[in-house]
S.K.: 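Once you've had a glance at the structure underneath, I'll fire off some questions.
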Amino acid sequence: MADAHHELAGLLGEDVNAWRWGDLHQLTLTNQTFGTSGIGPIEALFNRGPFGSPGNKDAVNATGWNIQDD
């Protein structure tokens with residue numbers, strides 16, 4: 001758990017209360033036809049994201065932790 005906290009603190013900062021699921025879990029939509037054209041302005045029109053994905057208690061493998069220093 002300490003290793004996970006260290007890794008997340010490196011990615012999201014030391015303030016645990018500021019951590020958001022969507023900062024790590026994101027969706028980027030790429031259009032199959034025009035989204036990979038290699039033409040920047042066209043890709044900008046057809047591709048969207050990244051969008052933060054909201055987390056909740058129903059997320060796969062969701063867990064809750066109450067970390068206490070003993």
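These values consider heavy atoms only, across backbone and side chains, with no hydrogens, waters or symmetry-generated copies.
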S.K.: Taking ring-ring contact (aromatic ring centres under 6.0 Å, His included) as the definition, give me every residue that meets it alongside F34, ordered by chain and number, with sequence neighbours left out.
M.R.: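 F34 satisfies ring-ring contact (aromatic ring centres under 6.0 Å, His included) with F46 only.
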
S.K.: Hydrophobic cluster mates of F51, side-chain heavy atoms under 4.5 angstrom, ILVMFWY only, any path?
M.R.: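 L27, L29, which link up through side-chain heavy atoms under 4.5 Å apart, make up the rest of the cluster.
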
S.K.: Output a table of donor-acceptor pairs, distance under 3.5 Å, between side-chain atoms of residues 6-20 and any protein atom two or more places apart or on a different chain; print 'none' if there are none.
M.R.:
{"from": "D15", "atom 1": "OD1", "to": "N17", "atom 2": "N", "distance (Å)": "3.1"}
{"from": "W19", "atom 1": "NE1", "to": "G13", "atom 2": "O", "distance (Å)": "2.8"}
{"from": "R20", "atom 1": "NH1", "to": "N17", "atom 2": "O", "distance (Å)": "2.9"}
{"from": "R20", "atom 1": "NH2", "to": "N17", "atom 2": "O", "distance (Å)": "3.2"}

S.K.: Applying side-chain contact (heavy atoms from CB on, under 4.5 Å), name anything that partners E43, two or more places apart in sequence or on another chain.
M.R.: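 Residues passing side-chain contact (heavy atoms from CB on, under 4.5 Å) with E43: S37, N47.
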
S.K.: Could I get the full list of side-chain contact (heavy atoms from CB on, under 4.5 Å) partners for T36, not counting sequence neighbours?
M.R.: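 Expected list: T30.
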
